[in-house]
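See structure below.
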Amino acid sequence: MKGDRAQPQKDLTGHSSIEVIGAREHNLKDISVSIPRNQLVVITGISGSGKSSLAFDTIYAEGQRRYMESFSAYARSFIGNLERPDVDKINGLSPVISIEQKTTSRNPRSTVGTVTEIYDFMRLLFARAGEAYSYLSGKKMVRQTEDQILEGIFQHFRMKKLTLLAPLVRGRKGHYRELFVQIRKSGFTKVRVDGEVMEISAKMQVDRYKIHDIEVVIDRIVADEKDRYRIAQSVSRSLKEGKGVMMLLEENGTLHHFSKFLMDPTTGLSYDEPAPNLFSFNSPYGACPVCNGLGVIEEITEESVIPDKNLSILRGGILPLGEYRDIWIFKKVEAILKRYKLSLSTPIKDIPAEVIRILLYGDDVPVAVPSVKYPGTNWNTKFEGIIRFLEKMREDSSEGAKRWMEDFTISRMCPECNGARLKKESLHFKIDEKNIAELSRMDILQLKSWFDHLEDRLSAKQKTIAAEVLKEIRKRIRFLLDVGLDYLDLNRPLRTLSGGEAQRIRLATQIGTQLVGVLYILDEPSIGLHPRDNVKLIKALKDLRDLGNSVVVVEHDKEMMLESDYIVDVGPGAGRHGGRVVAAGPPAEFVRNSSVTSGYLNGTLRIPYDKKKREGSGNTIELHRASGNNLKQVDLSLPLGTFICVTGVSGSGKSTLIHETLFPILNKHLYNSRTEPLPYKSIKGLEHIDKVIEVDQSPIGRTPRSNPATYTGVFTDIRDLFAQMPEAKIRGYKPGRFSFNVKGGRCETCEGAGLRLIEMEFLPDVYVHCETCKGKRYNRETLEVRFKGKSIADVLDMTVEEAVVFFENQPRILRKIETLNDVGLGYISLGQHATTLSGGEAQRVKLATELSKRDTGKTLYILDEPTTGLHFQDIAHLLEVLQKLVDKGNTVLVIEHNLDVIKSADHLIDLGPEGGAKGGTLVASGTPEQVSRQQGSYTGKFLRTELRQS
């Protein structure tokens, strides 16, 4: 426990603390709080109590506003003014950097390597110290000076008759009449065309439709030392005419290649001088030409267009066409089938492969389609094929059409680069027999061991060049290891990381900048971390503090609180019941308080759990030999009708097993999904479930237009209710009038968003309230229609808790709102912008949406870390909801690190033992008590302590 850390001293700013006076942002009740500077401070409290309002919407927002104020009036005129947070005064505020979960890039080109800059330094290393190899012969490429070429001629071809050639055309079509004239004017009389030496004649030209190699004959020599001056002049002229490349032809026809650049002496293949962008998959100089540096290609295949060959074309067998309609394309298809004595009602499996090929890819034979306008005549038209048509449409059409086409598109690894993202020249530059793509595929731990003592495996020249670059790479690798991300690889796209992982990467980058005197504000960095890895994260935050920075963390993790220097507890309840500082102080003093959080820290309050475990329905789903990513032939058995928890250290293979193997198999079986699962051998027991629901942490929407009311579907019922009001009927308003997404009732200035986006060139984009509607989204006329004295905008501003009371006599609306309340979201407002919801809140909105639907008693729910962003009290609430689902006969499967959830499960599956390459095996399975006794299980070790304390 850290309570004994020295009291904060005044630093260079002259302040010993950050004083927030009179904060009223969102639900904060005019609070004043003093946060010690240069210390690790945890702001905690139950979900919705106002922690983020204090940390991000008050302290960070004011820091950002003051930064903008430092710009000139001219610069600010382009940016617009940021709204001042509702606070009287903040003293002692340093420059602020916020590290949130929601700022992850969705760009497939952003990877762990690019965002940490490790890949950028590796590009520099390979450009300056890499050794080039030929992709044709595999031999090392050589680069020679004029003197070296000259010495080589005297050394290897002494007294031999040689012809010096300068290549002008290599593997290109054309007649080259002008080139031959130019050569003749330069004083040369002979050329070698496609391997044959010939005199240049008047009006000479070659076949323009064939590929040619043309070299000019510079000189014919005997490699004799007495002719050294002449030979040196000829070599110099050959290199000049051949732009740095020349060839040597022996009498017997053997050809030798020489170059001032990198060249394969056997085949004559040459590479450009390497530059860092040659190794960048985001640059046209380095990216694979087939996949454009993405490593995967999107394809429309026969299987995705014709999923069920038992159907006929009439019944919708060709998915993009759907069922038969009286339209032009069906008439073309019918005409092609008629040519082969087939009809639209023929099952696709009975149509010959050649006819299917014509339907999908087209042919040049005109199709005779009977004319409706002129009976008895035919239109002769070519048919380009359904897949060709879709591909063309994908390149040129709107976003909506592109989204529609995603149903017929499958992703597969690029056949050219095999997922390496780079062109073949880039992949043939090596250091210690490894190319840059091979290093990018190693996990951080393997990468560290490869870079350790690399100097011992480099030449003296390489060692000198690489010294500084290696220092930077090793420093950044160490930071990633410090925050517990040793299982990631540099090639991992940023969009596939959890919020916690992305946040810890940004934290590692910030530690690397070595800034001093900065206020860092973090939003639950412990998300997705196994208790074992938490120690590393806490140490990284303390290192950031020890550099001379203030670190404020919004967090619920028990260990983090006890290891901090100071705790601020916001509460006592959520929403309107919160917004006050209920306790504050160093951990040693804090645990003696009477707040709810203190109760859970000192052990007087506990999350209840039933020691008696369910046996389940007796049925199981059994998955055999799963081997995707780092999984090592894992056999999984899921007892149905129970609460199952999948655990393991970060990177042990939990998401691979559940989200990328099990869920796609179930989705394919139940809903004919085309997402391919990762490799496995077999699965049994699918007949025991009839519905699968995956609830993940991806946002419910990426713009302020999405909110809990629209996502759960309750807003449709609310709009219908407002359309029934007498005032609405008199004015002729339909439900569409109360939508903020279509013209009519919405504010046209902000187009119903309530906010306007201000794009910041060097900071995250900022949303400000619309000046016309003041954030209400609707125009004045629409807001005049009221239900129980409230307009539609007032309803959207209500918290879920208030809405439950307000709509108590509207059963359709109430049922959906009550489920939001049941999962602990009573404090969020119905119209809260999706962009302001945390990952955990978005997940619980999705969970509530699914809970409001009728369950079948044979449903499998898959949840990914549902405790994200939850206080101890909220976790108890969530467990209650999940246990009720299981009591109805359903199966709940959660991936979780929280020990309170783990000990409440009926059945545990523990993967590990480590992350990355050292993970991917089943370490233990059984009840929590059985797993806690398992040797070699990290989860078991922490669970033993937890169960003893319970």
### Message
For the backbone of V570 and the side chain of S49, can you confirm whether one donor and one acceptor N or O come within less than 3.5 Å of each other?
### Response
yes

### Task
Go through the side-chain N and O atoms of H530 and T939 and say whether any donor and acceptor fall under 3.5 Å apart.
yes

### Message
Determine whether V923 and S937 satisfy the following criterion, side-chain contact (heavy atoms from CB on, under 4.5 Å), listing intermediate values before the conclusion.
### Response
CA-CA 6 Å; V923 176; S937 163; 3.7 Å; yes

### Task
Say whether R421 and S440, considering side chains only, have a donor N or O and an acceptor N or O under 3.5 Å apart.
no

### Query
Is it true that a side-chain atom of D569 and a backbone atom of V596 form a donor plus acceptor pair closer than 3.5 Å?
no

### Query
Judged by atom type as modelled, is there a donor-acceptor pair below 3.5 Å linking the side chain of R504 to the main-chain atoms of I527?
yes

### Query
Going by the angle between their ring planes, with limits at 30° and 60°, are F281 and Y119 parallel, tilted or perpendicular?
tilted

### Message
Between Y827 and Q832, do the side chains contain a donor N or O and an acceptor N or O under 3.5 Å apart?
### Response
no

#### Entry: Exercise: do T867 and E896 side chains pair donor with acceptor under 3.5 Å
yes

### Query
Hey, is D696 close enough to K846 for a salt bridge, meaning N to O under 4.0 Å?
yes

### Query
How long is the span from the CZ atom in R441 to the CG atom in L490, to the nearest 0.5 Å?
12.0 Å

### Side chains of T656 and N629, donor plus acceptor under 3.5 Å
yes

### Query
Does atom NZ of K918 have more than 12 heavy-atom neighbours, drawn from other residues, nucleotides or ligands, at distances under 6.0 Å?
no

### Query
Do Y566 and I35 touch side chain to side chain, with heavy atoms closer than 4.5 Å?
no

### Task
State whether R492 and D489 are salt-bridged, where the test is any N-O pair (Lys NZ or Arg NE/NH1/NH2 against Asp/Glu carboxylate O) under 4.0 Å.
no

### Query
Between K51 (side chain) and G45 (backbone), is there a donor-acceptor pair under 3.5 Å?
yes

### Message
Check whether D910 reaches the backbone of A924 with its side chain - one donor and one acceptor, N or O, closer than 3.5 Å.
### Response
no

### Query
Taking C-beta and beyond as the side chain, do L870 and R844 meet within less than 4.5 Å on heavy atoms?
yes

### Task
Nearest 0.5 Å please: distance from the CG atom of L922 over to the NZ atom of K632.
12.5 Å

### Message
Tell me if a side-chain donor or acceptor on S47 pairs with a main-chain N or O of G869 at a distance below 3.5 Å.
### Response
yes

#### Entry: E25 (side chain) donor-acceptor with T58 (main chain) under 3.5 angstrom
no

### Task
Go through M561 and E555 one step at a time and tell me if the side-chain contact (heavy atoms from CB on, under 4.5 Å) criterion holds.
CA-CA 8 Å; M561 289 189 221; E555 188 57 273; 5.7 Å; no

### Task
Give the C-alpha distance, both sets of side-chain angles, the deciding distance and a yes or no for side-chain contact (heavy atoms from CB on, under 4.5 Å) between L943 and L899.
CA-CA 7 Å; L943 199 52; L899 290 167; 4.3 Å; yes

#### Entry: Point-to-point distance, once rounded to the nearest 0.5 Å, from CD1 of I505 to OG1 of T509
7.5 Å

### Task
Give a yes or no answer on whether the side chain of E438 reaches the backbone of N435 with a donor-acceptor pair at less than 3.5 Å.
yes

#### Entry: Ion pair check, E468 and K471, cut-off under 4.0 Å
yes

### Task
Can you spot which of P531, C645, P928 makes a side chain to side chain contact (heavy atoms under 4.5 Å, CB included) with I902?
C645

### Message
Would you say NZ of K941 has more than 12 non-hydrogen atoms from neighbouring residues, nucleotides or ligands within 6.0 angstrom?
### Response
no

### Task
Could you tell me which non-hydrogen atom of I90 sits nearest to which non-hydrogen atom of R66, and how far apart they are?
O-NH2, 2.8 Å

### Query
Using a distance-only test with no angle check, is there a side-chain donor-acceptor pair under 3.5 angstrom linking Y938 and E914?
yes

### Query
Using the ring of each side chain (for Trp, its six-membered ring), is Y600 parallel, tilted or perpendicular to F872, with breaks at 30° and 60°?
parallel

